[in-house]
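See below for the structure under consideration.
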Amino acid sequence: MRHIPSPVRDAERGGDSAQLPSWDLGDLYPGPDSAALRDDLDAAERDAKAFAERTTGRLAELSGVELAAAIAQYERIEEILGRAGSYAQLTFSSDNENPENGQFYQQITERVTSISTYLLGFSLELNKLDDATLEAKLAEPALAHWAPFLRDLRVFRPHQLSDEIERVLHEKSVTGAAAWQRLFDETVAGMRVRIGDEKLTVNDALNRLSDKDRARREAAGHAVGEAFAAQIKTFSLITNTLAKDKEIVDGWRGYPRPTSARNRGNMVEDEVVDALVAAVRADYPRLSHRYYGMKARWLGLDKLQHWDRNAPLPGDGDAPISWSAARDHVLGAYGGFSPELGGLVQHFFDHAWIDAALRPGKSGGAFAHPTVPSVHPYILMNYHGRKRDVMTLAHELGHGVHQLLARSQGYFMSGTPLTLAETASVFGEMLTFRALLDAETDPARRRLMLAAKVEDMINTVVRQVAFYQFETLVHEERRKGELLPERIGALWRQVQTESLGPAFEFSPEYDVFWAYVPHFVHSPFYVYAYAFGDCLVNALYGVYASGHEGFEAKYLDMLRAGGTLRHRELLAPFGLDASDPAFWRKGLDVISGFIDELEAESFS
């Protein structure tokens, strides 16, 4: 079931709010009380009931052509539900504090879930077809079109439960994980972090951890810790409940470890993920440990505190970058690589597809939501005018153009597994960074840009693998019983100490900083996809930089493929193989090479 598409969420990323764009969701629906939305849901319910009556128990009898037509009808109904679900989700993200938005989101989620219950049996019955029967039907070209969809659906066949249990799990999802996720979102949105006489949103307070004034960073670090400590019982309850819920479902489905379901959903082998994580952890000393040791020296500190991790370096005034300048930088980078990509990026600025404004109640961080192929993606970010925000804009637009290029594959086959979803976004970031770096002639500013890129890459690779380690430890230990907040904090401190290295000492309030990461709540074990994508793109960019013949056309074809091809097939035209242990080394070598350059420099 894919009736509510998931946004590609990004965290750990950072103007005049009045001049920043806000999105217009009218391309989805005119408003929460619109007749168009009501009519769509009513029609979807009628069609779903009729579809179930026509197809239930008959799939084995259908010819290849008839089964292809049934899947097309199934997709059409699911896309209507996806459109409604996307609209509700984006409306809620616009202002989590508005209780009417929360109510609307819950109402639409419940309605969509109820309607899709009529469709649930179709996918379950598809998976009950034996291989020989399905193979014979696939000889018909009309059904062969749907081969990638059927391939990915049948990946879950060994873990499929009885129809009755699947229906119960499906219907109860709105009062299970989805309800706890909503509680998390509303709790964080409603929090205010007191710093002196100010009361800041969580997003604004976290942004202050990048302030050039160390006293302001320290005050923000303590205040964020105090704010989350005051709510830590709630966040611990959410975490424990969701981990237990996942354990129960995983147990019924026969997944051997907490990460197995995510890996299967990402269409990536366990051993490939294990190789990535092992390679990154082995490289902590030559990546994060080495870099942060240098950063401590550049800042003139014996030890770094957690509020120094994203501190600007000496000489980095981090002068505000206007929205128009950020737009020009990103447009130039994409257009310089590919006029076609540049044109797609321009669409996002010409239309109200981006929400970058800063306002209370808005979701923190950034994401690109694909919505449905018949509309277009939307991007949410919080633009503070920092260099990191320019990179975030480039990143999210990479997701956006990927989603636009892949929509020709249709609702079921346009989406990519998370391991590939970061490819275009990280590549877009690299294009933007390289364009800015190449245009910079001042050695000091080039050095600062290189250091900022290293920090972003460490956040994307090292930090996300550490997040993955933390989740793994929490979920594994939760299987033995509920974890107290102090124990969750100890596990967090353990992985942070290992990943960030001896340059840091952590004050006690840092033990609660795990609580603000939305991925742990919304998308368990999502985070390794960032490291996968970054290392993949580093290797891919190396192929591009080497002058690989026809790279642009091959790259655009890769994006257009959406979810129809697996990582082996997508990377083969570039001579890359993610199952080769040397593949990850190529990506990590890029980060280490940047640090080598910085090691030869000094900051004054």
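We're numbering straight along the sequence, starting at 1.
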For [X], what residues pass the salt bridge (Lys or Arg N to Asp or Glu O under 4.0 Å) criterion, not counting sequence neighbours?
X: Asp577; value: Arg568
X: Asp152; value: Arg566
X: Glu569; value: none

All side-chain hydrogen bond (donor to acceptor under 3.5 Å, both in side chains) counterparts of [X], not counting sequence neighbours:
X: Asp438; result: none
X: Tyr292; result: none
X: Glu597; result: none
X: Arg560; result: Glu340, Asp557

Applying ring pair (Phe, Tyr, Trp, His ring centres under 6.0 Å), can you list everything that pairs with [X], at least two apart in sequence or on another chain?
X: His475; answer: Phe525
X: Phe594; answer: none
X: Phe513; answer: His306, Tyr510
X: His376; answer: Trp353, Tyr378

Problem - Salt-bridge criterion met for Asp308 and Lys295 (N-O under 4.0 Å) - result: no
Handout entry: Salt bridge flag under 4.0 Å for residues Arg217 and Asp211
Key = no
Completion exercise
Taking every heavy atom of Glu509 against every heavy atom of Gly221, the minimum-distance pair comes out as CG-O, 3.7 Å
Taking only distance into account, with no hydrogens and no angle test, what donor-acceptor pairs under 3.5 Å do side-chain atoms of residues 320-333 form with protein atoms, sequence neighbours excluded?
from: Ser322; atom 1: OG; to: Ser324; atom 2: OG; distance (Å): 3.1
from: Ser322; atom 1: OG; to: Ala325; atom 2: N; distance (Å): 3.1

Report the relative orientation of the aromatic rings in [X] and [Y]; use parallel for angles under 30°, tilted for 30 to 60°, perpendicular for over 60°.
X: Trp492; Y: Phe470; answer: perpendicular
X: Phe520; Y: Phe467; answer: perpendicular
X: His567; Y: Phe532; answer: perpendicular

Problem - Between CD1 on residue Ile379 and CZ on residue Phe348, distance to nearest 0.5 Å - result: 5.0 Å
Exercise for the section: For Gln494 and Gln469, test the side chains for any donor-to-acceptor distance below 3.5 angstrom and give the result as yes or no. Expected result: no
